[in-house]
Amino acid sequence: MEKLLISACLLGVNCKYNGKNNYNPLIEELKKKYELIPICPEVMGGLSIPRDPSEIKGDLVISNKGNDVTSNYLSGAYQALQLVGISNITKAVLKDGSPSCGSTYIYDGTFTKNKINGMGITAKLLKENNIIIYNENEIERLL
Ligand code: SF4
C-alpha cells in the first residue's frame, strides 16, 4: 500500500493550537487506499498542546504574544522531510491555512484573520523537495 503523509489534525488528533482537531470524514476513504503516516510539525518541533497561535511574518514565525517560534517550526519541517525520505513518501495531504501545513494560503502575520497566498514552513520545504502537496479540499483527487 502506498504511504501518504498527512496532517495529524485531519485524522482527528487533537493537536491544533487550541487543543482541537480538523477531522475530515474523507480520511476514512483515504485509509482504504493508502497507509497514512501522520505528522504534526508544530508538536514535533517541541511546541505544546494547546499553544499560542502563530503566523508567518517575513522569514519568521511569531506567536500572538510576540515570541519568535521560527526554530520550532523549522525543526518540525526538517523532521517531516527526514520522515518522507526514509519512508519513500511522495505525496502529502496537509491542512491548508496553517503556518506549518498551509499549501495555498496562510494568514498575513497581523492576527486579523486576513488570508494571503502562501505556504506554511513544512509544506514549502516538502514541496521544494518534490513532494506533491494536496490540501483537505483536494482529497478526492487521491481517491
Ligand atoms: Fe494540523 Fe499541521 Fe497545525 Fe499540526 S501543524 S495542528 S498537523 S495543521
Side-chain angles (χ1 to χ4, degrees), residues 2-31 33-87 89-143:
E2 185 181 351
K3 289 181 178 150
L4 183 65
L5 196 75
I6 188 151
S7 292
C9 58
L10 292 172
L11 280 172
V13 177
N14 291 328
C15 54
K16 278 182 69 173
Y17 73 91
N18 59 6
K20 296 183 178 172
N21 65 71
N22 296 307
Y23 177 70
N24 187 312
L26 278 177
I27 296 300
E28 305 311 322
E29 299 305 313
L30 272 183
K31 280 182 187 167
K33 208 170 158 194
Y34 299 90
E35 182 184 348
L36 301 183
I37 310 292
I39 54 158
C40 178
E42 293 172 21
V43 173
M44 289 156 68
L47 295 171
S48 62
I49 307 168
R51 55 190 171 276
D52 296 329
S54 298
E55 295 187 0
I56 295 174
K57 222 174 186 173
D59 290 335
L60 301 177
V61 188
I62 306 290
S63 80
N64 65 342
K65 294 194 179 137
N67 295 320
D68 182 348
V69 287
T70 312
S71 61
N72 300 95
Y73 277 68
L74 286 172
S75 170
Y78 278 96
Q79 287 178 65
L81 181 62
Q82 198 173 22
L83 183 60
V84 299
I86 57 176
S87 305
I89 294 171
T90 60
K91 295 175 190 156
V93 176
L94 300 178
K95 174 72 182 74
D96 216 353
S98 153
S100 289
C101 295
S103 57
T104 70
Y105 77 92
I106 52 174
Y107 291 89
D108 72 356
T110 62
F111 296 96
T112 54
K113 298 190 175 153
N114 193 34
K115 295 175 183 175
I116 54 171
N117 292 334
M119 300 189 83
I121 305 288
T122 295
K124 187 163 180 278
L125 183 66
L126 293 177
K127 189 177 178 198
E128 285 168 357
N129 285 273
N130 303 318
I131 304 300
I132 306 166
I133 312 287
Y134 299 81
N135 63 50
E136 69 277 16
N137 300 313
E138 298 171 324
I139 290 175
E140 279 172 355
R141 287 171 51 193
L142 286 160
L143 298 175

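Order of appearance sets the numbers: ligands from 1, and atoms from 1 within every ligand. For clarity, every value in this text was computed on a predicted model and none was experimentally measured.
- Ligand-side atoms of ligand 1 in range of R51: 6 (S), range being under 4.0 angstrom from any heavy atom.
- The side chain to side chain contact (heavy atoms under 4.5 Å, CB included) with L30 is formed by just one residue from the set L11, I6, L10, N24; it is I6.
- Atoms of ligand 1 found under 4.0 Å from any heavy atom of P41, numbered from 1 in the order shown, are 2 (Fe), 5 (S).
- The count of protein N, O or S atoms under 2.8 Å from atom 1 (Fe) of ligand 1 stands at 1, with waters excluded from the count.
- When side chains are defined from C-beta on, E42 counts as touching P99, because their heavy atoms get closer than 4.5 Å.
- Between E29 and I139, every side-chain heavy-atom pair lies at or beyond the 4.5 Å cut-off.
- D96 places a side-chain N or O within 3.5 Å of a backbone atom of Y105 that can act as its donor or acceptor partner.
- At distances below 3.5 Å, at least one donor-acceptor pair connects side-chain atoms of N18 with backbone N or O atoms of K20.
- For the 3.5 Å distance criterion, the side chains of N114 and T112 fail to qualify, holding no donor opposite an acceptor.
- Close contacts between ligand 1 and I39 involve ligand atoms 7 (S) [criterion: under 4.0 Å to a heavy atom].
- Here the side chains of L5 and L126 are in contact, with some heavy-atom distance below 4.5 Å.
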